[in-house]
There are 2 protein chains.
Amino acid sequence: MNKDIGWELYRSFLGVMQEGSLSAAARALGSTQPTIGRHIAELERVLNITLFIRTQGGLTPTDAANALLLPASEMANIAAAMERVTSRHGDDIQGTVRVTTSDVIGIEILPTIFADIAERFPNIHLELALSDKVQDLLSREADIAIRMFRPKQTQLIARRIGNIGVGFFAHTCYLTKHGTPSTLADLEAHRLIGFDRLTDYIRSVAKKLPFPLEKDSFVLRTDSNVAQLALIRAGAGIGLCQIGLAERDKSLVRLLAEDFCFEMDTWVTMHEDLRKSPACKTVFRELVAGLQGYVY
Amino acid sequence: MNKDIGWELYRSFLGVMQEGSLSAAARALGSTQPTIGRHIAELERVLNITLFIRTQGGLTPTDAANALLLPASEMANIAAAMERVTSRHGDDIQGTVRVTTSDVIGIEILPTIFADIAERFPNIHLELALSDKVQDLLSREADIAIRMFRPKQTQLIARRIGNIGVGFFAHTCYLTKHGTPSTLADLEAHRLIGFDRLTDYIRSVAKKLPFPLEKDSFVLRTDSNVAQLALIRAGAGIGLCQIGLAERDKSLVRLLAEDFCFEMDTWVTMHEDLRKSPACKTVFRELVAGLQGYVY
DNA sequence: GAGTGGCTATACATTTTTGTATGAATAAAG
DNA sequence: CTTTATTCATACAAAAATGTATAGCCACTC
């Protein structure tokens with residue numbers, strides 16, 4: 001039963017899946033193309049299955065290979081987490097801590113907090129991963145996550161920060177050209193900046209509007225909140241933005257403040273195993289403190 | 001940042017953690033003691049940390065090593081899952097499926113169902129893991145789980161089987177010697193067979209009894225339901241048992257059937273990824289069908 | 001107190017794995 | 001059509017990892 005497959009083979013496999021060719025994988029893994037090629041060949045031999053169709057431009061994964069991609073990535077996540085774990089063993093506050101959050105928070109809010117942490121705890125190395133994936137913590141892709149909902153898993157320590165308000169904003173340039181909407185219904189005639197995919201978040205927002213919100217309602221669509229903010233700043237239209245964020249920019253105007261408000265519950269979460277790590281505990285505490293200054 | 005630690009090193013590390021010595025790990029992994037020793041030494045070198053204290057009787061793990069044990073086990077689970085995944089690729093019903101459930105179910109109920117599946121689908125290889133851990137499915141320790149509660153994770157497919165009734169039972173031998181209790185309160189004076197640790201399950205049972213249930217209330221304690229059943233069969237005392245199970249044995253008598261009944265919600269669950277695997281789908285379906293015959 | 005069985009650590013030969021160099025084939029760009 | 005830059009596959013040499021054998025240590029047992 002036990003085929004005793006060396007884990008190195010999976011590492012090479014993942015490299016090829018991610019890079020698309022033996023050569024590229026070899027570069028990424030700091031190995032050479034013949035070596036990776038042999039690893040794949042051996043993996044195919046022991047699993048008795050064809051993983052890739054060799055083409056001149058690289059390797060094309062088969063269905064079987066695609067089925068292995070997810071578990072192989074998980075292995076990689078865990079391996080990366082293990083490196084982090086060891087770096088922070090000891091009683092002093094040091095080591096690498098990996099934080100994940102949405103792109104806006106990561107780009108607009110965290111930098112100052114990170115800078116502060118880096119200043120006061122020079123031995124803590126911080127990593128920032130921007131992603132909205134829920135699974136991040138459980139699959140060890142990060143040590144600490146800042147999310148807009150309360151985590152359900154009991155293995156996670158969660159600390160509520162408070163509500164982040166979201167409102168409609170537009171640049172003054174846009175408003176002078178296109179006028180200022182005075183009711184929610186007016187919005188329908190404006191250039192709206194919104195999301196590409198309909199997420200839970202955007203569905204909740206839609207409920208508060210007097211007109212149906214479809215994909216086509218948005219003139220400009222992007223899933224990146226940062227890009228949305230950039231579009232608003234560029235005067236491209238009216239969009240949703242976190243209030244605390246938008247108010248930093250004097251030329252952005254809050255619209256329909258009385259009629260529309262949307263609040264996002266904000267939580268900082270961490271795997272309970274990490275309580276023992278002084279570095280993680282410190283970053284967790286500092287993040288909570290730093291974010292509490294931002295939330296009102 | 002990236003230390004490029006070979007995954008083979010983690011495999012050897014896990015072997016040493018599980019076996020307790022380099023030599024034993026070498027045997028388990030099909031390698032040799034010097035090789036494993038070198039792997040551990042290299043892992044300690046690249047992580048720059050002491051993982052084991054060498055003693056004459058083997059290696060003693062340090063705190064750092066203990067912190068790495070969990071992730072290393074997860075890697076092993078995933079690696080094992082990958083071997084299973086590949087074995088069942090293709091359109092025909094074949095491959096290895098790993099099922100986990102509690103010990104009673106696994107020992108008393110599943111064997112006949114397994115025998116039936118094995119008969120009708122000779123190309124399916126079945127594995128059975130007895131454990132009560134909730135995490136089993138998510139950490140890929142098994143493909144299908146039979147559990148006494150509805151799973152909360154959305155990534156899991158769950159099918160409710162129904163209620164399994166639990167009641168008090170005793171062997172006729174015991175009753176002739178010690179008498180038959182006629183009320184729940186009478187139980188307190190009897191030799192009760194129960195659990196070593198207070199789990200949620202036993203706490204729910206306790207609520208239905210007229211006297212407080214402490215650890216000391218049980219004369220005979222074991223966490224294994226199978227062992228409890230064996231004790232009941234041996235006439236050692238009065239204990240809880242699944243009704244359908246106990247009734248197979250003519251010399252076991254149901255006690256206080258009117259006064260006490262406890263029902264366990266039974267679910268068969270599977271990772272949603274596995275829907276594509278004909279083998280997993282088949283076993284899932286057969287388990288549901290087979291268990292429905294057992295539940296009333 | 002000699003013997004036995006467990007362990008780790010080390011020296012050395014061997015095997016295995018890896019890297020270098022090269023060839024062949026394809027695709028895009030001049 | 002040629003050049004250039006990819007890719008994978010193969011041959012051979014170099015390097016690295018492994019296995020064998022052995023020594024040393026400790027705890028038990030007889």
Side-chain angles (χ1 to χ4, degrees), chain A residues 2-66 68-69 72 75 79, chain B residues 2-66 68-69 72 75 79:
Chain A
N2 191 3
K3 289 175 201 136
D4 272 350
I5 300 171
W7 290 3
E8 283 298 310
L9 302 186
Y10 292 127
R11 202 160 80 111
S12 299
F13 164 80
L14 181 61
V16 175
M17 285 298 281
Q18 288 175 332
E19 303 292 330
S21 77
L22 296 179
S23 315
R27 282 192 296 271
L29 292 171
S31 181
T32 60
Q33 169 258 319
T35 298
I36 307 296
R38 281 183 289 245
H39 282 178
I40 299 299
E42 194 190 332
L43 194 56
E44 290 183 320
R45 190 183 59 75
V46 292
L47 292 177
N48 194 30
I49 206 169
T50 304
L51 291 170
F52 297 98
I53 298 159
R54 270 74 169 174
T55 78
Q56 53 289 351
L59 303 204
T60 307
T62 62
D63 285 355
N66 283 316
L68 290 180
L69 175 57
M75 280 186 86
Chain B
N2 190 1
K3 290 174 200 136
D4 273 351
I5 299 172
W7 290 2
E8 282 299 309
L9 302 186
Y10 292 127
R11 201 159 82 110
S12 299
F13 164 79
L14 181 59
V16 175
M17 286 298 280
Q18 288 175 333
E19 303 292 331
S21 78
L22 296 180
S23 313
R27 282 192 296 272
L29 292 172
S31 180
T32 60
Q33 171 258 320
T35 299
I36 305 296
R38 280 184 288 247
H39 283 178
I40 299 300
E42 194 191 332
L43 194 55
E44 289 183 321
R45 189 184 59 77
V46 292
L47 292 177
N48 194 30
I49 205 168
T50 305
L51 290 170
F52 297 98
I53 297 159
R54 272 74 168 171
T55 78
Q56 54 288 352
L59 302 204
T60 308
T62 62
D63 285 356
N66 284 315
L68 289 181
L69 176 58
M75 281 186 86

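We name chains A, B, ... by the order of the sequence lines, and we start the count at 1 in each one. Computed from heavy atoms alone, side chains included, the values below leave out hydrogens, waters and symmetry copies.
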Can you tell if the side chain of A:Met17 reaches within under 4.5 Å of the side chain of A:Asn66, non-hydrogen atoms only?
-> yes
[X] [atom1] to [N] [atom2], straight-line distance once rounded to whole Å:
X: B:Glu42; N: D:dA17; atom1: CD; atom2: C1'; result: 10 Å
X: B:Arg45; N: D:dA16; atom1: CZ; atom2: P; result: 12 Å
X: B:Ile36; N: D:dT20; atom1: CD1; atom2: P; result: 13 Å
X: A:His39; N: D:dA17; atom1: NE2; atom2: P; result: 12 Å
X: A:Arg27; N: D:dT6; atom1: CZ; atom2: C1'; result: 9 Å
X: A:Glu8; N: D:dA16; atom1: CD; atom2: C1'; result: 13 Å

Range on DNA chain C touched by chain B, heavy atoms, distance below 4.0 Å | C:dC7 to C:dT10
Interatomic distance, B:Leu22 atom CG to B:Leu59 atom CG [nearest 0.5 angstrom] = 4.0 Å
Can you see which heavy atom on [X] is nearest to which on [Y], and at what distance?
X: B:Gln33; Y: B:Ser23; value: CG-OG, 3.8 Å
X: B:Ala79; Y: A:Tyr10; value: O-OH, 3.7 Å
X: A:Ala72; Y: B:Trp7; value: O-CH2, 4.0 Å
X: B:Pro61; Y: B:Ala65; value: CB-CB, 3.8 Å

If you find the nucleotide of DNA chain D closest to A:Ala24 and the one closest to B:Ser31, which residue's nucleotide is nearer the 5' end?
-> A:Ala24
May I ask you to verify if any side-chain N or O of A:Ser21 is less than 4.0 angstrom from the OP1 or OP2 atom of D:dT7?
-> yes
Sequence neighbours left out, cut at 3.5 Å: what donor-acceptor pairs do the side chains of residues 34-52 of chain A make with other protein atoms?
unit_1  : atom_1 : unit_2  : atom_2 : d
A:Thr35 : OG1    : A:Thr32 : OG1    : 3.0
A:His39 : ND1    : A:Ser12 : OG     : 2.6
A:Glu44 : OE1    : A:Arg54 : NH1    : 3.0
A:Glu44 : OE1    : A:Arg54 : NH2    : 3.4
A:Glu44 : OE2    : A:Leu51 : N      : 2.7
A:Glu44 : OE2    : A:Phe52 : N      : 3.1
A:Glu44 : OE2    : A:Arg54 : NH1    : 3.2

Any protein N or O atoms within reach of nucleotides 9-15 of chain D? Criterion: under 3.5 Å, listing atom names and distances.
unit_1 : atom_1 : unit_2  : atom_2 : d
D:dA9  : N7     : A:Gln33 : NE2    : 3.0
D:dA9  : N6     : A:Gln33 : OE1    : 3.2

